[in-house]
Amino acid sequence: MELIKENDILILKMDAPGNNIMTGDFMDSLLSCLSEAETYKYDKSIKGFIITGSGRHFSCGADIPSLMERSAAELEEYNSTGNLPKIHTEQKHALTMQCELPFPVISVVKGFCIGSGSEIAVNSHIRICEPTARVGQPESTFGILPALGGIAKTTEICGLSDAIEMVLTGNLLSAAEAEERQWCDILCERNQGYSTAVRLIEFINDNFIDYDRERSAEYVAEFVKIQKTGIHNIRKIGIAGYGKMGQDIFNVLHDNIFDAEFVVLCRHDADTYKEKVQKNLSKNLKRGKLTEIAYKISSSNFIFTTDISHLNDCDLIIETISEDISEKRNLFAEFDKTVKEGCIFASNTSSLQLSEIFSEVKKHKFMGVHFFYPVKLSGTVEFNNCCDCKMAEAFCTALKKEPVFFENEYCFYLNQFISFAVSAAVNIKEKYSISTSKMMEVLHDIFPQHALFGMVDSIGLKLFTSGENDTLVKRIQNLIVSAKNYFSGLLNDGCPGEPGNFLGYISERENEDSCSEFPADEIKEMIISAILNEAVNASEECGCDMTSILSDTLSISETMNSYYKDFGYEKIKNAVDKMNSIIPSEAFIPASEEIFKKYFD
């Protein structure tokens, strides 16, 4: 073995026969390397020290026959001189010396790490384990005790009770058990131990002025928290567009993903936007919502720019500009010319065909990623024709949101589901001549946050009526088209298409007294039953239970399962039949009781 210095990090890779069995020659080499490491004690350029084993194991511990022979000789020497043998004191000094080094000392453990091998690890400041790790102090099983600091350090790390159990029983801990008993500081994925150690050392050096080994648990906790927000192979995220949706998407990403850089492309006022974000971060620090480390990272991991070339080295670019097919297509065509290979392009469209948006893209993977408004509160992100599902799942894990994946006619299905519910309400409203405001009152108990027509108001009629009809799920196509025609008529009559205009416009033109009597309870039953029927039909067709995601999409007051239990199958079937009498549609063919029970029992 040898000690090497690479990028200001000391690396000791143990590579001896028999899975690093600690023979006399092994110990001589180890002591030599650790003594050399000690000479760097006052070298301010050293960032850290990593100890690891090559091959399958960290170290299988002492060579038992030679250990027994050596122990007998050392005992004889002690009996004759009254002093501990020189070789023993040298070995103990070499291992315990690690604790005194002024930079992070990290043992990366895989496979067996037992006996004297474990004593190397426990004398380090930090231990990173891969899933294959098996750790312990089995010396007691052949009549001796750990003598190189193992007992004291294991007690310090794990506590007296666990240390006594480990030392006296000689039982080995799995990696998960070692983490549970705090022997393992970080449990990483297979073959990721060394790279994790390097990233931890860089993190400590970047964020703490003076390393304090007594604060190693604090460093690890901050590092782990930030690493959990990371996304596989995504280190730089571009956001193209900084309107209302772009701001909300940036905020939720920046608030939750610390292990990435952000580049926000805006048309103007880049410095003003940056200043506003910095002020919000300062407020969150003062209010205790951010730790000092999180604040430091969040303050330095983003830029706002009007220069499109600043996105060239991004790993993921999310476009959030207005729903204009030409603008989106031209933007991605420009990115395709200059952005590095491997970057994923994502459009936050809610309805436009992806094949049209990305028609000029030749070199990059692409997909639809649809955030729902309000972005911060919505629990779902919809991926359409997703090109990397593992990345998408990691992305949503970091955001604490649920991913849902759709393809072909089910692309943008969550938006179609909203349109379906709104369309059902429109047809009932027209059937009973109920004003929009009265209809919202009737449905308030079901949709307490914004009711269905409130969703139309927040989306805007232009967006609500956009999208190709022939790409819709066929079962609900004619129903959605009927509502689109209704809202298109309002657009043609002069209702502004932008968000926030529909409710004001319609309230000035509708007669509140047009229908003073209407079956409110029956209307609620029809709306809920239609929603439940479509949810189970879509789940059956897609082959996965989407009921909870669809429930979250509409923000209904109770779970779908609760509504089913309250109503029962017969009432739902009758209510769906009534809907079919108002507007005949494949959507209002009741699913069988067996299918309902599959999802709600």
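Only heavy atoms go into these numbers, but all of them, side chains included; no hydrogens, no water, no symmetry mates.
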Please walk me through it: do M546 and F417 pass side chain to side chain contact (heavy atoms under 4.5 Å, CB included)? CA-CA 11 Å; M546 295 195 296; F417 187 68; over 6 Å; no
Evaluate salt bridge (charged side-chain N to carboxylate O under 4.0 Å, His left out) for E202 paired with K47, printing each intermediate quantity in order. CA-CA 8 Å; E202 295 291 348; K47 295 179 178 179; 3.4 Å; yes
Could you walk me through whether L12 and E2 pass side chain to side chain contact (heavy atoms under 4.5 Å, CB included), step by step? CA-CA 6 Å; L12 173 57; E2 64 176 335; over 6 Å; no
Can you check side chain to side chain donor-acceptor pair (under 3.5 Å) on S322 and D324, steps first, answer last? CA-CA 6 Å; S322 60; D324 183 300; 5.5 Å; no
Let me see the working for S359 and E356 under side chain to side chain donor-acceptor pair (under 3.5 Å), right down to the final yes or no. CA-CA 5 Å; S359 61; E356 288 294 318; 5.1 Å; no
Quick one: do F223 and I204 satisfy side chain to side chain contact (heavy atoms under 4.5 Å, CB included)? Show the steps, please. CA-CA 8 Å; F223 174 77; I204 292 172; over 6 Å; no
Dump the intermediate steps for side chain to side chain contact (heavy atoms under 4.5 Å, CB included) on L452 and V456, then the final yes or no. CA-CA 7 Å; L452 291 176; V456 175; over 6 Å; no
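For E180, the CD atom is loosely surrounded, since the number of other residues' heavy atoms within 6.0 Å does not exceed 12. The environment of CD in Q182 is sparse: at most 12 heavy-atom neighbours from other residues, nucleotides or ligands sit within 6.0 Å. In this structure, N492 places its CG atom where more than 12 heavy-atom neighbours from other residues, nucleotides or ligands lie under 6.0 Å away. For N469, the CG atom sits in a packed shell: over 12 heavy atoms of surrounding residues, nucleotides or ligands are nearer than 6.0 Å.
Side chains of T305 and D307: no donor on one and acceptor on the other come within 3.5 Å. Defined by atom type and a distance below 3.5 Å, a donor-acceptor pair is missing between the side-chain atoms of S419 and Q416. Using modelled atom types, one finds a donor on one side chain and an acceptor on the other under 3.5 Å when comparing Y211 with H125.
Between the CE atom in M367 and the CD1 atom in I344 there is a gap of 5.5 Å [rounded to 0.5 Å]. The distance from the CG atom of N312 to the NZ atom of K337 is 12.5 Å, given to the nearest 0.5 Å. Atom CD1 in I357 sits 11.0 Å away from atom OG in S326 (nearest 0.5 Å). We find the CD-SG distance between E156 and C99 to be 7.0 Å, quoted to the nearest 0.5 Å. Note that the CZ atom of F49 and the CD1 atom of I201 stand 10.0 Å from one another [nearest 0.5 Å]. In this structure, F487 CZ and C495 SG are separated by 9.5 Å, a value rounded to the nearest 0.5 Å.
Nearest heavy-atom pair across Y40 and F103 is O-CE2, 3.5 Å. The two residues L281 and S298 have their closest heavy-atom pair at CD1-O, 3.5 Å. Residues F371 and V375 approach most closely at CD2-CG1, 3.9 Å, considering heavy atoms. Closest approach of K41 and P102 over heavy atoms only: O-CG, 2.9 Å. Counting all heavy atoms, side chain and backbone alike, I257 lies closest to I237 at CD1-CD1, 4.4 Å. L503 and G454 make their closest contact through CD1-CA, 4.2 Å (heavy atoms, listed as atom of the first residue, atom of the second, distance).
The existence of a salt bridge linking E6 and K13 is excluded, since no basic side-chain nitrogen approaches an acidic carboxylate oxygen closer than 4.0 Å. With respect to the salt-bridge test (charged N to carboxylate O, under 4.0 angstrom), the residues D315 and K236 do not qualify. A salt bridge between R213 and E100 is present, with a side-chain N of the basic residue lying under 4.0 Å from a carboxylate O of the acidic one. At a threshold of 4.0 Å, the pair E292-K296 does not count as salt-bridged, since none of the basic side-chain nitrogens sits closer than that to a carboxylate oxygen. Between K462 and E498 there is a salt bridge, since at least one side-chain N of the basic residue sits less than 4.0 Å from a carboxylate O of the acidic one.
Of the listed residues (I106, V108, I128), just one forms a side-chain contact (heavy atoms from CB on, under 4.5 Å) with T196, and that residue is I128. When the options L34, I11, L10 are evaluated for a side-chain contact (heavy atoms from CB on, under 4.5 Å) with L3, the one that passes is L10. Partner of F366 under the ring-ring contact (aromatic ring centres under 6.0 Å, His included) criterion, chosen from F332, F358, F335, F345: F358. Residue L187 is tested with E130, E179, R127 for a side-chain contact (heavy atoms from CB on, under 4.5 Å); the sole match is E179.
Taking the side chain as every heavy atom from C-beta outward, I321 and K328 approach each other to under 4.5 Å.
A donor-acceptor pair is defined here as one N or O able to donate and one able to accept, closer than 3.5 Å; no such pair exists between the side chain of N501 and the backbone of P496. Using modelled atom types, no side-chain atom of D259 and backbone atom of I226 make a donor-acceptor pair closer than 3.5 Å. With hydrogens and angles ignored, the 3.5 Å screen pairs no side-chain donor or acceptor of S551 with any backbone N or O of T559. No side-chain donor-acceptor contact under 3.5 Å links N7 to the backbone of I9.
Using the six-membered ring where Trp is involved, H254 and F250 have ring planes that are parallel, under 30° apart on the 30 and 60° scheme.
When the side-chain contact (heavy atoms from CB on, under 4.5 Å) test is applied to E222, the partners found at least two apart in sequence or on another chain are F203, K225, T291, I293.
Every pair passing side-chain hydrogen bond (donor to acceptor under 3.5 Å, both in side chains) that includes a residue from residues 382-402 is listed here, sequence neighbours excluded: N256-K400, H370-E382.
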